[in-house]
Amino acid sequence: MRSSWFMCLLPLVVGCLMTASSANFLNDVDITWGDGRGKILNNGQFLTLSLDKASGSGFQSKNQYVFGKFDMQLKLVPGNSAGTVTTFYMKSPGSTWDEIDFEFLGNLSGDPYILHTNVFSQGKGNKEQQFYLWFDPTADFHTYSILWNPQRIIFSVDGTPIREFKNMESKGVTFPKGQPMRLYSSLWNADDWATRGGLVKTDWSQAPFTASYRNFNADGCVWSNGASSCTSTSPSLVSGKNGWFSQELDSTAQQKLQWVQKNYMIYNYCTDFKRFPQGLPAECNTS
């Protein structure tokens, strides 16, 4: 039933008009938890999330989307951030949810953050790839992007692709496509696992921990009341070569992706033979 629903939606999306956010947090997001620890500042141009021993905080986009390109500039918790996790991700509701994850795992002062990525489809994940970054993500803002179209998901940092997850449904691999997703972000304590497998705990004497956000941009099809903002009568702005709906990695982007994965990838589920003694997942065996 879900696949037939998607096939009905697809012609609408192909000819849709992109809906771009105004990059104003007052218009674009709701702070959903944290009892005041999440703050929207400067007339909606800036947002902060804080964590102390009592609670973390988080927000979500007002809109749900079916496909699009989503950018957020973040400046992560500085100093001793061990035990903390800052997230920027997309997720659909329900027990068989879809999800696309950026998670930033804190570390001791001077040790690098770990950027953790994952993809869930129909409630199943186990597709983790982890990276170090080639800069200090606490010193300034950097742009983290999710491109999600029917053919692929591309994770990017400052415009450099770090991961591509292709649609391989033809090989029996499920792919997020039929469930509208919101964008979420949170800052929370995960010292039972986040830093060195939980060996390093959060130093609450350093609290409150704060992550900062600006320049949220969402170009995509908004899903509301069972219908898409994209219509078959709208001018097609996404089906061209440079549109996100059909975007793929060109040769230059492929080279950048290979550079990141060669020099900064620290974990790839597709090479973890001990974890999958019965054989690697199907998408790992596809070139």
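When reading the values below, keep in mind they use all heavy atoms of this one structure, side chains included, and skip hydrogens, waters and symmetry mates.
Closest approach of Thr160 and Lys256 over heavy atoms only: CG2-CB, 4.0 Å. The two residues Trp223 and Pro180 make their nearest non-hydrogen contact at CD1-CG, 3.2 Å.
Counting only heavy atoms from C-beta outward, the side chains of Thr117 and Tyr267 never approach each other to under 4.5 Å. Inter-residue side-chain proximity for Ile100 and Phe165 is flagged as unmet; no heavy-atom pair is nearer than 4.5 Å. Under the 4.5 Å side-chain criterion, counting only non-hydrogen atoms from C-beta, Asp52 is not in contact with Ser50. Put simply, the side chain of Asn126 does not reach to within 4.5 Å of the side chain of Tyr269, judged on heavy atoms.
Ring geometry, Tyr264 versus Trp134: the interplanar angle falls from 30° to 60°, so the pair is classed tilted.
Counting only N and O atoms by type, the side chains of Asp98 and Gln179 include a donor and acceptor under 3.5 Å apart. At a cut-off of 3.5 Å, with distance as the only test, a side-chain donor of Thr87 or Ser186 sits close to an acceptor on the other residue. A donor-acceptor contact under 3.5 angstrom links the side chains of Asp71 and Ser145, judged on distance only. There is no side-chain donor-acceptor pair under 3.5 Å between Ser212 and Thr48.
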With salt bridge (charged side-chain N to carboxylate O under 4.0 Å, His left out) as the test, would you mind laying out the steps for Lys274 and Asp272 before giving the verdict? CA-CA 5 Å; Lys274 290 184 178 179; Asp272 194 342; over 6 Å; no

Stepwise, does the side-chain contact (heavy atoms from CB on, under 4.5 Å) test hold for Glu283 with Lys171? CA-CA 8 Å; Glu283 66 270 19; Lys171 299 185 180 297; over 6 Å; no

Go through it in stages, so that I can follow the logic: the residues are Gln247 and Leu147, the test is side-chain contact (heavy atoms from CB on, under 4.5 Å), and I'd like the CA-CA distance, side-chain angles, deciding distance and then a yes or no. CA-CA 8 Å; Gln247 186 171 335; Leu147 185 144; 3.1 Å; yes

Verdict with supporting geometry, Arg196 and Leu108, side-chain contact (heavy atoms from CB on, under 4.5 Å): CA-CA 10 Å; Arg196 300 183 186 174; Leu108 296 169; 4.0 Å; yes

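Asp35 places no side-chain N or O within donor-acceptor distance of the main-chain N or O of Arg37, the cut-off being under 3.5 Å. Remark: side-chain polar atoms of Asp158 are not paired, donor with acceptor, to backbone N or O of His142 under 3.5 angstrom. At least one donor-acceptor pair closer than 3.5 Å links the side chain of Asn107 to the backbone N or O of Pro112.
Separation of the Phe88 and Tyr213 ring centroids does not fall under the 6.0 Å cut-off.
Of the candidates Lys62, Arg182, Gln60, Lys62 is the only one forming a side chain to side chain donor-acceptor pair (under 3.5 Å) with Asp30. Partner Tyr184 forms a ring-ring contact (aromatic ring centres under 6.0 Å, His included) with one of Tyr89, Phe216, Trp33 and no other, that one being Tyr89.
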